[in-house]
Structures are given as C-alpha cells and as structure tokens.
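Labels below follow one simple rule: chain letters A, B, ... track the order of the sequence lines, proteins then strands, and each chain is numbered from 1. None of these values were measured; they are calculated from a predicted model.
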2 protein chains.
Amino acid sequence: MDQPLHQRDRSTPPSAPGAPARAASCFASRLERYAKLNDDEFRFIARMEDNETAMPKGALVVAAGTPAEELFVLKEGWAVARRTLPDNRGQVLRVYLPGEVIGLTGLGLSRNAHDVVMLTSGTVCPFPNAHMTAIYDKAPRVAALFTAISGLDQVSLMDRLAVMGAGTARERMAHFLLDLHERLLVTNPDLGRRFRLPLRQVDIGEVLGLTKVYVNRMLKAFTEEGLIEIHRPYVRILKPEVLRDLAGYENRYDDVDHSWFPAASRNDL
Amino acid sequence: MDQPLHQRDRSTPPSAPGAPARAASCFASRLERYAKLNDDEFRFIARMEDNETAMPKGALVVAAGTPAEELFVLKEGWAVARRTLPDNRGQVLRVYLPGEVIGLTGLGLSRNAHDVVMLTSGTVCPFPNAHMTAIYDKAPRVAALFTAISGLDQVSLMDRLAVMGAGTARERMAHFLLDLHERLLVTNPDLGRRFRLPLRQVDIGEVLGLTKVYVNRMLKAFTEEGLIEIHRPYVRILKPEVLRDLAGYENRYDDVDHSWFPAASRNDL
DNA sequence: CGTCCTCTTGACGGCTTTCAATAAAAGTGG
DNA sequence: CCACTTTTATTGAAAGCCGTCAAGAGGACG
C-alpha cells in the first residue's frame, strides 16, 4: 500500500467462450452456499464474471470520489478498502478475499466512497451497476441474495467496530486472525488451520488501528503463548478456542436466512 | 442503558384506519427524498407502518441471539444497537434516529446479531421479514431502494470505523456530532444548528469507545474553543467547518444513486 | 429537603505510540 | 550464485493519550 498505485490494466484475456461450468468460480460457489439457484439465476450470476481484468499488486481498483459505475467480483488475490486521513494516517475499512464482491456497499451512492487497492496481484471482474436493474426486475431471488450478503457484510463490520471501539490490541488481533480464517473457510472449506496471510505488519496495523511496532509485539506475544505459529507468509492457528474467548468472536457466515427469499425467478428473461 | 431493560410492550394503540396520508411519517418522507414512488409502491411502504408499538425508555426492541423475524421502522424516539463485551464494557454500534429502519442489516441472518435498546421512549413499527418476499417479487423498485439505503448505512458505518480506528478522541467526538446533525437534517431539513441530544455522557462514551470522563473533557474543550454550545439536552454547532476539518467528515446522505433502479413497479399486486 | 443520578475535576497509572537503531529478509544486477 | 540495495521485521527506551480511581458539585424528582 506504500507502493505507487498503478493504473488499472484493462487487458482482458479472452475468457473461455460459452457459459462457464457451474461452480467454476469462487464467487458462484460462495453464492451457492447461501441459496440454491436455478439455471436462469445462475446465468445472471455467471454474467458477472464475463469480464476478467488482471490487476497488479498495488493497483487502484476503485478511486474514492470517482463516479461509481461498476461492482467487482474479486476472483483472485486480496484487496482492501482504505481511507487516508488528513495526517497521512491510513485505515483499512475492509479486507476483500477471493469470491467477495467489491462495491456492493456503494450501490446506493453515485460516487465511490473509498479507495480499493490490491494487496496482491489478482483478477477482478467488473460488472456495471446498470446491470443490476435487470436483476431486480427479473431475478428477484438473486436480488434478495445480494441483499442478504450485503447484510452479512454489514454485521461483520459492526462486529469489527465493536472490537475497535471497546477492545484492546490483543482482542483486535485475535478477532482479525479468526475472522480472516473463517472467511477463507467459506470458499475453501477444506482449508486447515494454516493459511497464507499476504499482509505486512504495517498493513495489519492499518486494519487494526495500531502501529506496526505494536502489531509486531502482539504477534510475538501470541506466538510465545502458543496461540499461533508464523512461517511467513503463512499463519497457523493453534488454539482457536483461546483466541475466540479472547476476542469474543462469533462466526456469522454460517447463519444465512433465505426464508424470505422470493420462491423462484420469473423465466421471462 | 444502565436501567433495567423492559420487556417489549405489545399494546398497539389502534392506528388511524385507512391508509395514512402520503408523507405523513418521517419514514416515508425519508424514502421519498431518495426516490419518487408511485401509489402502488407507496402502499407497500405505508404497510410497514401499520403496526405501532409504544416503547418505554430502556426497552429492548431486539435481543441478540433471538430469531430475527421482523424489521422495525423507528417512528419516534432514539435507539441504539449495542454489543456487550466480556468485561462488561459496552459498545454502541449504531444510533438510530426517527425515520430509520432497524434490522435492515440483519435481513440475511436468521438470528439477531445485536441488541437494540431504546435511548428514549418512542414508537416502533414492526414489519415481518416475511413480507419482504412480496416486495422483492412485486415492487422491485422498493427493493432497490432498500438496498440503496442499506448501502448508505454501510458506508456511514465504514466512515465511523475509520475514525474509530485511526482517529483521536477529539476527532471521534467531532465526527459524532456532525454525523448526528446531518442525519437529523435528512428528515428535518429546517432544523437549524441546534438539536436535542438525548444521550448521557456515558452513552456517548459507548458510542465513541471512550470513558465518560474523557467524553466530559472533550465536550468541555469543544465548548471552551467555541466550537459548540451545550444547554442540556440541547447542543448547538457553532463552527461546523472547523469540526468538519477536524474529523475529515464527509456527508454521504445527499448522494443517492437511483439510476440503476428498475423503472417502475409491476402493478399486479 | 433529601435522595439519586449525572456531570465535573484532579491525580495517577497503563496501554499504546513515537523515536531510534539493528537485524533479517527479499529483491536486483552482475 | 554472490555483493548490493531496499524493504520489512525486531527490539529498547521514553513520551503521551486516555483510562482508572476518587471525591465533590450540580440537577431532577419525589
């Protein structure tokens, strides 16, 4: 994030022709975990990934203040939404993992509220906001699914706010590690307790509102206490229960309610 | 919030028969500020306020962990979403003002994520989640409007997260005062710079992640610097620009994008 | 007029930051 | 594959913002 920000690279490697196989993508597999979709609905969703765009590390995917014209499905790599405050202090507002949607938040706004920056190289799939019209009109079930996911995001954000407001550095760090782990498990259920964490300690500091020095001290403490194990860039969670108690962490990603979803889509596309 | 929490009072004073006049409520007037609605659409929304329930100060509107079965339109009074952490520390996740919707966030979850407590006495209008089905099915424009509002809420939450993570006590306080003021202006455009703030200093502390002692010191400092004026329970903002610079505050509530909303509702209710 | 709640103010202490310097790791070019 | 450079991680010492503790003042309400 200290690197110069590259311009967006629009080169689109011609994606495989024809509809992709079901569940070919981390995005679709994430959605299907939350609700069964019929073929028509799946077609709407597949369309969101038609356009792949490669992004180098450090690239600015979304620039704050510019017109908000598209969403992005993050297909590979990690990204962050970030805000720079007056004094050059930065705060990471959200970490985006593969399979998550960037910009769902800002659907209601005409300008992008925050920067979104690639933490690693990766690929995103831009999807014009304008296409949402058809989804709301013709695939209400998919629309409801987006609403549900947006709600999940928001609850997760509120949990984070709680730990940022009332929590100590230890609690924030524990929450951070557990939350990333749980979210990685959503699209990657057979991931063990070890995962790749492509953030520098400075970056973790910007997520948690701590300095890099203190981040280092917390990580050292956790390691010495046998709670985690670090082999850069991999982290292994050794005592999830202890961390969970420490942070008061609660997993929200398993608890989707689709009872109120419209029964099925109209087929008049 | 230190008071014992009352049980929810289900006594429903028989509301005026027939549909309420358009824009009779702060909720409808807030929605209409964001998008024009036709009569059918308006009927859906009016239905959300059919059921008024009086709430005493301190009442628990939503209990964390219980099944999430309804949304609430907050018609009168103020409320907060609140989380209690292990050590009895509390964090207010959000302040709800009249005209705002409680529980839109949790639409995707089957259990309520957080408590919601009345700060003052007031009235709420419960609205079963199940009724959202019809809205998504038959009034996609209204559904889109909810999505947009939920997005606004989330962006506002992210701004708050930024100031909680990277901001000092002064900056948090400035942000808090400005944000409340802007949000009150949404449903009450001719409100001046003076408004009623029905929170004790302890409560403000729970919003900002500060102790009541430090809240008191910040308010004193602001007053002495001529930034605000306090005549309990009223606050007047004397130098909005200075506060705005201090907090890096940006008003998001004026910037709704409805370009992607479906053109009009189907009329087949 | 007394009780309770909230606000106010001071002194002290601790968690976290800041400053600074070194070590380790990662990237670069020969 | 090895010097060299740059970035990142590590560690110590001192300072600061904010929390804790405690006591008193002011208001609301019966």
Taking [atom1] from [X] and [atom2] from [N], how many angstroms apart are they, rounded to a whole number?
X: A:Glu206; N: D:dT8; atom1: CD; atom2: C1'; value: 15 Å
X: B:Lys212; N: D:dA25; atom1: NZ; atom2: C1'; value: 15 Å
X: B:Ile204; N: C:dT8; atom1: CD1; atom2: P; value: 10 Å
X: A:Met173; N: C:dT16; atom1: CE; atom2: P; value: 11 Å
X: B:Leu210; N: C:dC15; atom1: CG; atom2: P; value: 18 Å
X: B:Arg172; N: D:dC17; atom1: CZ; atom2: P; value: 14 Å
X: A:Arg89; N: C:dT17; atom1: CZ; atom2: P; value: 12 Å
X: A:Arg200; N: D:dT7; atom1: CZ; atom2: C1'; value: 9 Å

In this structure, which one of B:Arg252, B:Arg193, B:Arg244 forms a salt bridge (Lys or Arg N to Asp or Glu O under 4.0 Å) with B:Glu182?
B:Arg244

Criterion side-chain contact (heavy atoms from CB on, under 4.5 Å) on A:Arg236 and A:Ile228, from CA distance to verdict
CA-CA 6 Å; A:Arg236 185 190 304 275; A:Ile228 62 171; over 6 Å; no

If you measure from NZ on B:Lys75 to CE on B:Met55, what distance do you get to the nearest 0.5 Å?
14.0 Å

Atom CZ in B:Arg170, atom CG in B:Leu243: separation rounded to 0.5 Å?
9.0 Å

Can you tell me if A:Arg232 touches the phosphate of D:dT7, counting only side-chain N or O atoms and a distance under 4.0 Å to OP1 or OP2?
no

A:Leu197 vs A:Ile204 side-chain heavy atoms within contact, under 4.5 Å
yes

So do B:Asp159 and A:Arg83 actually touch side chain to side chain, heavy atoms under 4.5 Å?
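Yes; the side chains approach each other to less than 4.5 Å.
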
Mind checking ring-ring contact (aromatic ring centres under 6.0 Å, His included) for A:Tyr249 and listing every partner two or more places apart, or none if nothing turns up?
A:His175

Of B:Gln201 and A:Gly167, the one whose closest nucleotide on DNA chain C sits nearer the 5' end is B:Gln201

Which nucleotide in D:dT11, D:dC18, C:dT6 has an atom nearest any side-chain atom of A:Asn216:
D:dT11

Could I get a table of every N or O pair under 3.5 Å where one atom is in the protein and the other is in nucleotides 18-21 of chain C?
none

Taking any heavy-atom pair under 4.0 Å as a contact, classify A:Lys220: base, sugar-phosphate, or nothing.
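Sugar-phosphate contact only - A:Lys220 comes under 4.0 Å of backbone atoms but never of a base.
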
Which part of the nucleic acid does B:Gly205 contact within heavy-atom distance under 4.0 Å: base, sugar-phosphate only, or nothing?
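If one applies the 4.0 Å heavy-atom cut-off, B:Gly205 turns out to touch nothing in the nucleic acid.
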
